[in-house]
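Ligands are counted one by one from 1 in listed order, and the atoms in each one are counted from 1 as well. Computed over heavy atoms, backbone and side chain alike; hydrogens, waters and symmetry mates excluded.
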Amino acid sequence: MTKPLSKAVERMLRVDQAGEYGAVRIYAGQMAVMGDRGPHAGRIAHMLEQEVAHRTWFDGFLRERGARPTLLQPLWHVAGFALGAATALIGPEAAMACTAAIETEIDLHYTRQLDELGQDEPEIAEKIARARDEEREHRDTAFEQGAEKAPAYPLLSGAIRLGCKVAIALTERI
Ligand SMILES: [Fe+2]
Ligand SMILES: [Fe+2]
């Protein structure tokens, strides 16, 4: 018998599942535009694979613990894909700037959650820590691949980071 979820942990799982769901959609949008020809196609395909694994972990936790996903999932389905496609249309560096911005926020987000969890829910904490480490790799890859050379980088990056914060705040509530 698994122990009942606290409201705080339920909110965490909901926002994390939504974030990983959105991440899969972002990379899917980028791949749809760039196909397998873009300069970063191989790297993006690898990140997409890791995002699918992350989403599967949180899908599993929600199911096992009888919690529902966010009601905003249909929105993240469309918005994630649109963000991925739009940045890829600007160019490969903008696609990398998108990853760098999102993963910078997600690293902060997961780190905060791990602090909050402490010794509670070790199984969930272990997966959050693994996801966070891989998001950090995605962020570093994106910077190595020229994220900062994207057109209007500070503006683009700032807008995406803000969007990411808004998405987290909304999903925690809805
Ligand atoms: Fe992820
Ligand atoms: Fe990621």
Exercise for review: Without swapping roles, check the side chain of R130 against the backbone of E126 for a donor-acceptor pair under 3.5 Å.
Suggested key: no

Practice item. Name all pairs fulfilling the ring-ring contact (aromatic ring centres under 6.0 Å, His included) condition that reach into residues 42-63, sequence neighbours left out, sorted by first residue then second. Key: H54-W57

Revision key, fill the gap. The salt bridge (charged side-chain N to carboxylate O under 4.0 Å, His left out) partner of D107 among R136, R161, R112 is R136

**Study point:** Separation between CD of Q30 and CZ of R43, rounded to the nearest 0.5 Å
**Key:** 13.5 Å

Practice item. Give the total of protein N/O/S atoms at a distance below 2.8 Å from the Fe ion (ligand 2). Key: 4

Point to revise | Neighbour count above 12 (heavy atom, 6.0 Å) for R68 CZ | key: yes

Practice item. Report the name of the N/O/S atom of E20 located nearest to the Fe ion (ligand 1). Key: OE1

Exercise for review: State, to 0.1 Å, how close D120 and A125 come at their nearest heavy-atom pair, and which atoms those are.
Suggested key: O-CB, 4.5 Å

